K.L.:
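What follows is a single structure, and I will ask about it in a moment.
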Number of protein chains: 2
Amino acid sequence: MHQNIRQMLELTYSEENYLKAIFHLSEEGKKSVSTNDISAEMKTRPASVSDMLRKLGEKEVIEYRKYYGVHITEEGKKLALQTIRKHRLWEVFLVEKLNFSWDEVHEVADELEHIKSKILIQRLDEYLGFPKFDPHGDPIPDEYGDVRSRPRLPLSELEINATGQIVAVKDSSAAFLRYLDKVGAYIGARIKVMDKVEFDGSIEILVDNKKSIFMSKEVVNNILIMQ
Amino acid sequence: MHQNIRQMLELTYSEENYLKAIFHLSEEGKKSVSTNDISAEMKTRPASVSDMLRKLGEKEVIEYRKYYGVHITEEGKKLALQTIRKHRLWEVFLVEKLNFSWDEVHEVADELEHIKSKILIQRLDEYLGFPKFDPHGDPIPDEYGDVRSRPRLPLSELEINATGQIVAVKDSSAAFLRYLDKVGAYIGARIKVMDKVEFDGSIEILVDNKKSIFMSKEVVNNILIMQ
DNA sequence: TACATACATTAGGTATGACTAAAATATGAT
DNA sequence: ATCATATTTTAGTCATACCTAATGTATGTA
Ligand SMILES: [Mn+2]
Ligand SMILES: [Mn+2]
Ligand SMILES: [Mn+2]
Ligand SMILES: [Mn+2]
């Protein structure tokens, strides 16, 4: 069923980071991912990216045609999803068990996600009660790389008087998350759109039927809701 | 009080491993630690050790005189103890929270010990209830590198009819730990020496006043007890 | 079609951390 | 005091992962 004939190839710490970045960039736009995109995401120079793309291409986790960007392969997707699974499980652990706030977990999880032990992740998953979403509302892939994502749309697309529930954030930067904490928005909060300003794309929302907040276009584009 | 004027220097993953090995070897014999000793402990070739000693010497975490072995400095001791602290806290986590057995934790902890976040370790320590000993009975240094070790001696030194309690194991290899599991010996078990065989150094002990076991010299040398 | 320019790759270099083989040093035995 | 041997270091190499500078490629505009 979910077994691999060929044994799972090992990636280095750095290769895992690049592959994860390529996976995320692939999800956004559908077309191929460019060297410059990866360079920006990874904060390394384009020349370094080219080096890495050659290596990832040889390992067949991406399809690499020089000058034409890359596509992630099925094998690559599977590996990237394993790293993402570990990242998100560790984030849940940090928030649920160690009382980290959701804006503090990203960097630490970026290190923890590379710990190799398979049994560690299985036990951690079990210990956390097999969570399906991380603290930012992102789905946690299962050990076969399957993701049960829930339908979600940017808060900006809700009409006046429409209601919904915050299920995730598109931007997980500490600055944005701390802003959300400050205004009392959180994953699970119930939202009603009270007013929309055509001019600047800002809106007024009611949170949990009690608190009225004004949010800028930048903010509402980065809050994902479920209706 | 415990503050450092100069900021704590950063060591690489590999430097941390070498320094930890040097620290452990220093604890055993009091004299200086040789290149070959480190080579054996680290499973790298002596030439690689010489390279690393030069680097660690430059960073002043060891005192390095070519051809005469090394001594760890106070700064080095402090850093090694931080790594050991992390290693042992993670071991406690794996056993107490994730139900690892004590023979499964070492390799995983050897990776986890290098995760950098200071707050992570503080929170983990708190979450675990500020444990003072790891699953193998070894003391956990505090965040300043202070160790409260309890007096302990090899089981081999107990006289006939003397009693004691297992507080630690000298050898933490999976093979040895699984043997102890099999015969029902564990940290905290009460021991009474029933008989000692001069010829081969083996002994007969009573565990928890109910189970009689024969143990070889190799085994009794590696069990540490408190009287 | 030509070409300016943005984008991407290659060439060459650095740092880390490993290796083998060769050379240097220390040490114990005669 | 000399020397054989074990130990240790150095020299030279390789792989990973980054960099800058130079070169090559694609693409849209003239
Ligand atoms: Mn990472
Ligand atoms: Mn997340
Ligand atoms: Mn380690
Ligand atoms: Mn231990």
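A note on names: the letters A, B, ... follow the listed sequences, proteins ahead of strands, and every chain is numbered from 1. Fair warning: this is a prediction, and the values are worked out from it, not measured in the lab.
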K.L.:
Below the 4.0 Å mark, does C:dG17 have OP1 or OP2 next to a side-chain nitrogen or oxygen of B:Thr12?
P.N.:
yes
K.L.:
In whole Å, what is the span from the CG atom of B:Asp51 to the P atom of D:dT7?
P.N.:
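Whole-Å distance recorded here is 19 Å.
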K.L.:
If you only use heavy atoms from C-beta on, which nucleotide in D:dA17, C:dA26, D:dT20 is closest to the side chain of A:Ala47?
P.N.:
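Output: D:dT20.
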K.L.:
Under 4.0 Å: is that the gap between some side-chain N or O of A:Lys55 and OP1 or OP2 of D:dA17?
P.N.:
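It does, given that an N or O in the side chain of A:Lys55 lies less than 4.0 Å from OP1 or OP2 of D:dA17.
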K.L.:
Quiz question: by atom type and distance under 3.5 Å, do the side chains of A:Ser173 and A:Asp171 form a donor-acceptor pair?
P.N.:
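Short answer, yes.
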K.L.:
Have B:His114 and B:Asn17 got a donor and an acceptor in their side chains that come within less than 3.5 Å?
P.N.:
yes
K.L.:
D:dC18 C1' sits how many Å from A:Tyr13 OH, rounded?
P.N.:
14 Å
K.L.:
Considering non-hydrogen atoms only, spot the tightest contact between B:Leu180 and B:Met215 and give its length.
P.N.:
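Nearest heavy atoms, B:Leu180 then B:Met215: CD2-CE, 4.4 Å.
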K.L.:
Can you tell me which nucleotide in C:dA8, C:dG17, D:dA17 comes closest to the side chain of A:Glu15?
P.N.:
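Of the options given, the side chain of A:Glu15 lies nearest D:dA17.
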K.L.:
Looking at D:dT7, D:dT10, D:dA21, which one has an atom nearest to any side-chain atom of B:Asn36?
P.N.:
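Nearest nucleotide to the side chain: D:dT7.
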K.L.:
Less than 4.0 angstrom between a side-chain N/O of A:Ser48 and OP1 or OP2 of D:dC19, yes or no?
P.N.:
yes
K.L.:
Does any N or O in the side chain of B:Ser156 come within less than 3.5 Å of the main-chain N or O of B:Gly201, such that one atom is a donor and the other an acceptor?
P.N.:
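Side chain of B:Ser156 to backbone of B:Gly201: no pair is present.
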K.L.:
Hey, which sits more toward the 5' end of DNA chain D by its nearest nucleotide, B:Gly69 or A:Arg45?
P.N.:
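Looking at the nearest nucleotide for each, B:Gly69 comes out on the 5' side.
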K.L.:
Choose from D:dA17, C:dA18, C:dT20 the nucleotide whose nearest atom is closest to any side-chain atom of B:Ser14.
P.N.:
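Side chain of B:Ser14 sits closest to C:dA18.
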K.L.:
How many Å lie between CZ on A:Arg54 and C1' on C:dT10, as a whole number?
P.N.:
11 Å
K.L.:
Please report, rounded to the nearest Å, how far the C1' atom of C:dT9 is from the CG atom of A:Leu56.
P.N.:
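To the nearest whole Å, that distance equals 16 Å.
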K.L.:
Where the side chain of B:Tyr18 is defined as all heavy atoms beyond and including C-beta, which of C:dC7, C:dA18, C:dT9 is the nearest nucleotide?
P.N.:
C:dA18
K.L.:
As a test of understanding, state which of A:His106, A:Lys170, A:Glu91, A:Arg88 forms a side chain to side chain donor-acceptor pair (under 3.5 Å) with A:His136.
P.N.:
A:Glu91
K.L.:
Heavy atoms from C-beta onward define the side chain here; which of D:dT7, C:dT16, C:dT25 lies closest to that of B:Tyr67?
P.N.:
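Taking heavy atoms from C-beta onward, the closest nucleotide is C:dT25.
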K.L.:
Could you state the atom-to-atom distance from CG of B:Leu53 to C1' of D:dT10 in whole Å?
P.N.:
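That distance rounds to 14 Å.
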K.L.:
At under 4.0 Å, does any side-chain N or O of A:Lys43 touch on OP1 or OP2 of D:dC18?
P.N.:
no
K.L.:
For the residue pair A:Lys97 and B:Phe93, would you count it as a cation-pi contact if the rule is NZ or CZ under 6.0 angstrom from the ring centre and within 45 degrees of the ring axis?
P.N.:
no
K.L.:
Give the nucleotide from the list D:dA17, D:dC19, D:dT27 with an atom nearest to the side chain of A:Thr44.
P.N.:
D:dC19
K.L.:
With a non-hydrogen cut-off below 4.0 angstrom, is B:Ser50 in contact with a base, only sugar-phosphate, or nothing?
P.N.:
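Base, at least one base heavy atom under 4.0 Å.
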K.L.:
Whole angstroms only, please: what is the CG-P distance between A:Asp37 and C:dA6?
P.N.:
17 Å
K.L.:
Starting from C1' on D:dA17, measure out to CG on A:Leu11 and report it in whole angstrom.
P.N.:
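For the pair A:Leu11 CG and D:dA17 C1', the rounded distance is 15 Å.
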K.L.:
Rounded to whole angstroms, how far apart are CD1 on A:Ile38 and P on C:dA8?
P.N.:
9 Å
